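Note sheet for the following structure.
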Amino acid sequence: MTTKPSPSDYLESARELQPRLVDLRRRIHADPELGLETPRTREKILDALVDLDLDVSLHERTSGIVATLRGARPGRRILLRGDMDALPMPEQTELPFSSTTPGRMHACGHDAHVAMLVGAARLLAARRDGLAGEVHFMFQPGEESWGGADVMLEEGLPDFDGAFALHVAPQIPTGMIGTKPGPIMASFDDFDVEVQGRGGHASMPHDCIDPVPIACEIVTALQSFVTREIPVTDPGVLTVTRLEAGTANNVIADAVSIRGTMRALSDATRERLVEGLTRVCQGIAGAHRATAHVSIQRGYPVVVNDAGFEGFARGVVTDLLGERALLPLPGPIMGAEDFAYVLRRAPGAMLLLGVRPPGTKDPAPCHSSQMMLDEGAMPLGAALHAAVATRFLAA
Ligand SMILES: [Zn+2]
Ligand SMILES: [Zn+2]
């Protein structure tokens with residue numbers, strides 16, 4: 001047993017673990033579960049951790065697990081996170097370990113996230129004597145819009161001084177790690193607007209309050225609002241994705257439903273979007289004697305990589321995989337991730353792990369029914385988790 005674990009040790013040991021990581025990942029892949037309750041995935045994780053000396057606590061409001069490794073001496077505490085849930089969508093990869101449940105697929109790589117985190121637990125447990133402090137392994141269900149991270153934080157997690165997560169990225173070649181300081185993924189909030197007019201005969205609009213032209217005006221005005229009021233230096237996106245009204249060619253509808261989503265890269269822009277959406281919808285509806293009822297379903301906050309922690313993680317990547325493995329991202333990704341909640345509790349970072357399947361030029365992205373990943377990248381992910389934790393505890 002080494003007393004001072006080094007990054008290259010981790011890489012070598014992680015490569016030896018690869019068959020176990022692949023086996024666990026494939027079993028989870030074949031048996032995808034959705035939402036906050038992922039009991040069979042939880043069982044597979046617990047089985048894989050059973051021979052390690054960890055303090056395991058099972059959450060009650062979700063199938064989440066927190067497993068803690070205590071080093072030989074007291075010190076700092078880091079949280080490493082892997083999410084557990086799949087997506088409600090069909091799988092069309094034709095892999096031999098494809099989903100056995102129709103309409104469910106691990107298309108976001110959370111199966112690999114779990115396997116890599118289990119691998120990191122094994123690597124770190126074998127080097128416990130050289131560690132000062134604690135590593136909390138957070139296995140979290142319900143990432144795909146269920147806010148599982150927030151639910152687990154509410155139920156209670158042990159204190160931590162730093163937090164780290166990896167997300168697989170099929171667009172990035174294996175061996176490369178995408179990263180940037182500051183916002184790396186967007187916030188999201190969904191909205192539902194009901195424009196209420198007064199229906200009637202299509203030939204006599206003057207006797208009605210026709211909500212259709214009002215809704216059209218609102219959709220256009222919302223785009224003007226974004227370009228004129230949201231600073232280009234702190235961008236936001238507001239997209240109307242659904243418009244529903246009417247039942248017949250000769251009937252003016254009573255109401256129109258306008259639905260969509262908003263993304264932002266800062267809390268300030270997020271709040272501006274919410275305020276502006278409400279003001280524009282109600283103002284335009286009011287100008288035409290209609291009303292607009294605006295309801296907003298709050299999603300996740302912005303994922304913000306702490307500049308200091310992200311710089312530290314870059315250093316670990318360089319030591320582990322070499323300078324050329326670093327892929328500085330030109331900008332944030334406008335998708336959302338509930339690791340954002342964890343990063344509000346302590347400085348940390350989420351990095352993107354390249355998993356592009358060998359030989360593919362145009363890989364299917366996450367959330368595609370054809371999404372695949374290079375399992376050869378999984379040992380790198382496990383080693384990176386372990387090396388980040390070790391270096392953090394040693395600092
Ligand atoms: Zn996803
Ligand atoms: Zn994901």
Side-chain angles (χ1 to χ4, degrees), residues 24-25 28-29 32-36 38 41 45 62-64 79-93 99 101 103-118 137-152 163-172 177-180 183-190 237 241 261 263 297 299-305 329 332-343 348-357 363-375 377-378 381-382 384-385:
L24 176 59
R25 183 254 161 171
I28 294 172
H29 190 91
E33 295 180 287
L34 306 179
L36 299 172
T38 55
T41 309
I45 295 168
T62 70
S63 301
L79 179 146
L80 304 177
R81 179 272 215 164
D83 42 5
M84 299 159 68
D85 57 320
L87 284 155
M89 57 182 287
E91 174 158 2
Q92 291 171 332
T93 60
S99 171
T101 309
R104 290 186 188 178
M105 176 186 177
H106 265 291
C108 205
H110 301 181
D111 47 353
H113 296 171
V114 165
M116 294 189 296
L117 197 55
V118 166
F137 301 94
M138 176 190 188
F139 294 94
Q140 176 222 308
E143 192 288 318
E144 297 290 356
S145 74
W146 298 80
D150 197 30
V151 180
M152 284 189 72
F164 181 71
L166 283 171
H167 204 296
V168 298
Q171 272 68 30
I172 300 178
I177 308 292
T179 181
K180 77 176 280 298
I184 186 164
M185 290 179 106
S187 65
F188 88 91
D189 298 294
D190 288 347
V237 170
T241 52
T261 190
R263 308 290 159 118
Q297 297 93 47
Y300 301 162
V302 185
V303 181
V304 183
N305 280 350
L329 298 174
I333 294 155
M334 294 310 278
E337 235 288 350
D338 74 352
F339 189 57
Y341 293 108
V342 177
L343 293 180
M350 167 173 268
L351 270 49
L352 303 183
L353 176 76
V355 293
R356 185 154 83 200
C366 284
H367 291 214
S368 157
S369 59
Q370 288 163 23
M371 184 271 195
M372 286 193 262
L373 56 85
D374 177 8
E375 292 171 327
M378 288 166 53
L384 185 53
H385 269 300

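What you see below is based on every heavy atom in this structure, not just the backbone, and it leaves out hydrogens, waters and symmetry mates. Ligands are counted one by one from 1 in listed order, and the atoms in each one are counted from 1 as well. Note that the coordinates shown come from a computational prediction; the quantities given were computed from them, not determined experimentally.
Metal site remark for the Zn ion (ligand 1): His367 contributes an N, O or S atom at a distance under 2.8 Å. Because the distance cut-off is set at 2.8 Å, Cys108 qualifies as a neighbour of the Zn ion (ligand 2) through one of its N, O or S atoms. Taking backbone and side-chain atoms together, His167 has an N/O/S atom less than 2.8 Å away from the Zn ion (ligand 2).
For Ala186, the side-chain contact (heavy atoms from CB on, under 4.5 Å) test picks out Arg263, Leu265, Met334, with sequence neighbours left out. Taking Ala163 as the reference, Leu79, Phe160, Phe339, Val342, Leu343 meet the side-chain contact (heavy atoms from CB on, under 4.5 Å) condition, with sequence neighbours excluded.
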**Report entry** side-chain hydrogen bond (donor to acceptor under 3.5 Å, both in side chains) evaluation trace for Gln92 with Ser369
**Finding:** CA-CA 5 Å; Gln92 291 171 332; Ser369 59; 2.8 Å; yes

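Checked by atom type and distance alone, the side chain of Glu143 never pairs as donor or acceptor with a backbone atom of Asp85 at under 3.5 Å.
Between His29 and His110, the distance separating the two ring centers is not shorter than 6.0 angstrom.
Counting just the N/O/S atoms of His110, the one with the shortest distance to the Zn ion (ligand 2) is named NE2. Minimum-distance N/O/S atom of Glu144 relative to the Zn ion (ligand 1): OE2.
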